[in-house]
Number of protein chains: 2
Amino acid sequence: MAGTALRQGARRGAREKLLEAALALIRAQGFAATSVDALCAAAGVTKGAFFHHFRSKEDLGVAAAAHWSEVTGALFEAAAYHDAPGPAARVLAYVGFRRALISGGLAEFTCLVGTMAQEAFDSSPAIRAACWASISGHAATLVPDIEAALAARGRDGESAESLALHTQAVLQGAFILAKASGEPARAVESIDHLSRYLCLLLTDESPDKILKTQGETP
Amino acid sequence: MAGTALRQGARRGAREKLLEAALALIRAQGFAATSVDALCAAAGVTKGAFFHHFRSKEDLGVAAAAHWSEVTGALFEAAAYHDAPGPAARVLAYVGFRRALISGGLAEFTCLVGTMAQEAFDSSPAIRAACWASISGHAATLVPDIEAALAARGRDGESAESLALHTQAVLQGAFILAKASGEPARAVESIDHLSRYLCLLLTDESPDKILKTQGETP
DNA sequence: CTCACCATACCAACCGGTCGGTATTGCGGT
DNA sequence: ACCGCAATACCGACCGGTTGGTATGGTGAG
């Protein structure tokens with residue numbers, strides 16, 4: 001009993017440590033530039049452990065995307081933006097939450113699956129599919145609120161799914177600008193444009209008011 | 001005589017052939033996954049030629065970004081969207097042009113520097129800077145029209161540069177969605193949202209009208 | 001004993017990069 | 001016009017290190 005607990009606590013499982021290391025390294029260097037050896041070193045694990053848990057490096061990539069979905073899924077599920085009153089306000093609060101997440105180093109707030117999809121879309125169908133599952137799955141969590149907000153404004157005909165995916169596109173693009181410029185603030189600016197677009201579509205209020213309430217630049 | 005002409009025709013310069021191959025391979029596989037050997041093979045050139053023209057693989061990356069700027073710069077300069085009447089219409093026509101460019105394989109319409117920036121932002125400052133120069137330089141070509149269009153609507157206070165960069169963010173994000181999903185149409189949808197946002201900001205007309213004029217989905 | 005879990009040693013292929021050498025070109029002197 | 005000659009462009013074998021992946025052996029829990 002105690003042995004088992006200590007085991008799971010201290011060792012924490014090579015698989016988890018490898019996945020954790022994968023998130024950090026792939027986000028910073030990309031998938032192709034991250035070697036299996038580097039992964040093992042970062043996780044404090046040998047190569048034998050790696051290939052015990054993953055059939056190949058590609059398999060690790062797929063598992064990393066799935067792990068990413070779990071980690072971020074839990075983060076967003078527990079976030080406070082769900083408490084906002086009404087569907088439109090919740091959608092705006094979601095974007096505000098994404099905006100607030102931007103702080104620290106670039107590799108700490110950018111998206112794992114967006115990065116991997118760029119590299120693997122042509123060379124690894126499995127990784128591509130896993131990345132798309134993560135992105136589209138996350139976007140799907142926004143659809144009910146967007147749908148309700150659109151309906152409330154008499155915009156029933158429009159596709160809530162398309163708008164949900166658009167929010168992800170803006171976020172991914174914002175990350176690219178931040179990486180390319182080296183200035184995270186560039187990402188914030190684009191996200192503010194997204195907030196304004198959503199304001200115009202989903203609310204009666206002036207966008208400037210809502211943007212002011214989202215706080216100052218980090 | 002005939003020998004010389006045939007030579008120059010066949011050789012075409014190893015540097016150009018390498019840069020051309022770099023655009024194709026890096027867009028499809030990413031920078032890290034593209035080996036120098038593969039580059040040379042695709043260009044029909046030996047490794048000696050490669051390292052004669054480029055000090056290192058990183059140097060090739062920087063040169064590829066610069067070459068990309070030239071190629072795309074010429075493409076956009078010659079495009080017809082400049083003929084649209086008035087600044088706002090030109091900005092919208094630009095986005096329509098970008099939309100129309102989306103056809104064929106994913107690696108044929110997506111952005112080289114956006115892909116490279118994701119991989120190299122942390123590991124190669126030189127490549128990062130070259131990518132940012134390409135993106136921001138392209139965005140800068142939109143600033144005068146956006147500025148005039150904003151002023152015409154009494155929105156002088158807002159940053160035209162920020163909005164110009166936002167258009168690039170949406171495009172980059174749209175490419176990621178297309179790559180991740182495997183469906184180029186996903187990119188088109190996001191670009192349509194961008195058109196609508198710009199309509200709301202820069203024109204008096206209803207967005208739906210302008211969107212209709214941009215033609216059917218490819 | 002069994003079996004999941006992990007460590008070590010090892011491999012062929014491939015990586016970016018070097019180097020000595022050759023072919024081609026541009027150009028100044030005569 | 002011709003030559004001489006240095007500079008440029010290119011070739012391809014080669015190098016040490018690294019790559020993803022394997023084969024085998026140990027070990028502790030059930």
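Order of the sequence lines sets the chain letters (A, B, ...), proteins ahead of strands, with each chain counted from 1. Note: hydrogens, waters and symmetry copies are ignored here, and every other heavy atom, side chains too, is used.
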query: Would you call B:Glu119-A:Lys179 a salt bridge at under 4.0 Å N-O?
result: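 Result for this pair is no, no salt bridge flagged.
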
message: Check this for me, if you would: do A:Glu158 and B:Arg196 make a salt bridge, where the nitrogen-to-carboxylate-oxygen distance has to be below 4.0 angstrom?
response: yes

Output the rounded distance in Å from [atom1] ([X]) to [atom2] ([N]).
X: A:Lys47; N: C:dC5; atom1: NZ; atom2: C1'; value: 18 Å
X: A:Asp37; N: C:dC11; atom1: CG; atom2: C1'; value: 13 Å
X: A:Lys57; N: D:dT18; atom1: NZ; atom2: P; value: 16 Å
X: A:Arg15; N: C:dA4; atom1: CZ; atom2: P; value: 15 Å
X: B:Phe51; N: D:dC14; atom1: CZ; atom2: C1'; value: 13 Å
X: B:Phe50; N: D:dA9; atom1: CZ; atom2: C1'; value: 16 Å
X: B:Arg55; N: C:dC19; atom1: CZ; atom2: P; value: 16 Å
X: B:His53; N: C:dG16; atom1: NE2; atom2: C1'; value: 18 Å

- line: Checking C:dA7, D:dC10, C:dG17 against the side chain of A:Val45 (C-beta onward), the nearest is C:dA7

- request: Could you tell me whether the phosphate oxygens of D:dT19, OP1 or OP2, come under 4.0 Å of any side-chain nitrogen or oxygen in A:Ser35?
  value: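 It does, given that an N or O in the side chain of A:Ser35 lies less than 4.0 Å from OP1 or OP2 of D:dT19.
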
side-chain N/O B:Thr46 vs D:dC10 OP1/OP2, d < 4.0 Å: no

- line: Ranking A:His52 and A:Gly48 by the position along DNA chain C of their nearest nucleotide, the one closer to 5' is A:His52

task: Kindly assign one of parallel, tilted or perpendicular to the pair B:His193 and A:His166, based on the angle between their ring planes and the thresholds 30° and 60°.
output: parallel

- prompt: Can you name the closest pair of heavy atoms from B:Arg15 and B:Ala63 and give their distance?
  reply: NH2-CB, 4.2 Å

